[in-house]
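Let me begin by presenting the structure, written as structure tokens, before commenting on it.
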Amino acid sequence: MLKKIECFIQPSRLEALKDALIEAGVGGMTVTDVRGFGRQRGRREDETGAPEVRFLEKNKIEIVVEEEIVDHVLDLIKNAARTGTIGAGKAFVLPVEDALRVSTSETGKRALS
Amino acid sequence: MLKKIECFIQPSRLEALKDALIEAGVGGMTVTDVRGFGRQRGRREDETGAPEVRFLEKNKIEIVVEEEIVDHVLDLIKNAARTGTIGAGKAFVLPVEDALRVSTSETGKRALS
Amino acid sequence: MLKKIECFIQPSRLEALKDALIEAGVGGMTVTDVRGFGRQRGRREDETGAPEVRFLEKNKIEIVVEEEIVDHVLDLIKNAARTGTIGAGKAFVLPVEDALRVSTSETGKRALS
């Protein structure tokens with residue numbers, strides 16, 4: 001079974017996460033520049049009572065992996081993305097029913113390796 | 001159970017949707033600048049016979065919520081995103097199997113709250 | 001049943017894929033400018049031993065279709081996106097549980113047509 005992991009992190013953590021995923025043998029990843037807020041509502045920790053929800057720049061990372069390594073990849077994300085403060089980010093696991101590699105027509109998990 | 005709601009709306013409706021989601025207590029959202037077309041093929045209503053499909057600027061909104069509030073959030077999207085014309089946008093509901101909050105290592109629905 | 005197809009292709013193939021999807025009657029699509037690498041680690045075929053993984057510009061295409069045409073759409077993607085080299089891209093199929101068209105409140109597959 002294939003799973004998609006989507007994570008939303010601070011751009012300053014992208015290089016560390018990329019390196020960790022490559023070292024773990026993840027076969028590919030996609031990065032999108034997005035903006036978002038989470039529980040911290042776009043506030044920095046040293047602010048209080050900010051009147052408005054602000055969007056902050058984030059990076060969305062998308063990878064598709066075999067089910068067996070999902071927990072390992074979530075651990076890598078946790079270690080690489082943390083910042084020591086709130087607003088470090090989140091990851092989500094979604095089911096994937098099929099995959100296709102365009103250049104070879106391979107499908108399923110063979111499309112990843 | 002967690003669900004992901006992805007919606008594609010006109011950028012002019014983003015502020016209204018953001019405000020509605022925050023008021024409803026949604027714990028986070030992500031916005032991406034995208035381009036797209038739907039049934040209207042990128043035409044405005046006052047045009048006919050436009051020879052080409054054109055991409056229009058849209059915003060993609062991503063949120064992950066507990067299953068119980070999906071219908072409520074779809075109602076909020078419907079009310080906040082509508083423009084009175086075709087091409088107002090669409091929303092999709094996808095299953096999510098797990099979630100992780102990086103800063104605390106909380107998983108599942110605890111990662112959202 | 002509805003399915004989401006996400007594909008990651010070289011930007012030079014976007015027009016061909018758009019034309020193929022429109023001709024096949026696909027009711028809408030969304031394009032995002034992303035960066036990524038796959039098995040080729042961002043190398044071109046004429047390079048060897050590149051010391052670093054580089055991100056390359058890609059386009060992410062998102063469409064939601066009825067289950068019956070998923071295989072046909074994957075064929076279209078395979079034909080339109082291929083470049084004759086590695087790094088042409090990938091496509092993934094994800095389950096979708098519901099859809100909403102904002103302008104009419106139609107849901108499920110009626111939201112697509």
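Order of the sequence lines fixes the chain letters, A, B, ..., with proteins taken first and strands second; residue numbering starts at 1 for each chain.
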> If you round to the nearest 0.5 Å, how far is CZ of A/Arg82 from OG of B/Ser105?
Replying inline: 7.5 Å

> Could you go step by step and tell me if B/Thr32 and A/Thr32 meet the side chain to side chain contact (heavy atoms under 4.5 Å, CB included) rule?
Replying inline: CA-CA 8 Å; B/Thr32 311; A/Thr32 312; 3.8 Å; yes

>> Can you tell me how far apart OG1 (B/Thr30) and NZ (A/Lys58) are? Round to the nearest 0.5 Å.
In response: 8.5 Å

> Just how far is it from atom CG of A/Leu74 to atom OG1 of B/Thr107, taken to the nearest 0.5 Å?
Replying inline: 9.5 Å

> Contact part of B/Leu21 toward chain A, heavy-atom cut-off under 4.5 Å: side chain, backbone, both or neither?
Replying inline: neither

> Which region of B/Ala111, side chain (C-beta onward) or backbone (N, CA, C, O), has a non-hydrogen atom less than 4.5 Å from a non-hydrogen atom of chain A, or is it both or neither?
Replying inline: backbone

>> Once rounded to the nearest 0.5 Å, what's the spacing between atom CZ of A/Phe92 and atom CG of B/Leu112?
In response: 6.0 Å

> Side chains of B/Val31 and A/Val34: closer than 4.5 Å at any heavy-atom pair?
Replying inline: no

> Do B/Thr104 and A/Lys78 come close enough that some side-chain heavy atom pair is under 4.5 Å?
Replying inline: no

> So, for B/Val102 and A/Lys90, which heavy atoms are closest and what is the spacing to 0.1 Å?
Replying inline: CG2-N, 4.2 Å

> What part of A/Lys4 is in contact with chain B, defined as an atom under 4.5 angstrom from a non-hydrogen atom: side chain, backbone, both or neither?
Replying inline: neither

> If contact means a heavy atom pair closer than 4.5 Å, which residues of residues 60-71 of chain B contact chain A?
Replying inline: B/Lys60, B/Glu62, B/Val64

>> Can you confirm whether B/Leu94 sits close enough to A/Leu94 that some side-chain heavy atom of one is under 4.5 Å from a side-chain heavy atom of the other?
In response: yes

> Between A/Asp33 and chain B, which part of the residue has a heavy atom less than 4.5 Å away: side chain, backbone, both or neither?
Replying inline: backbone

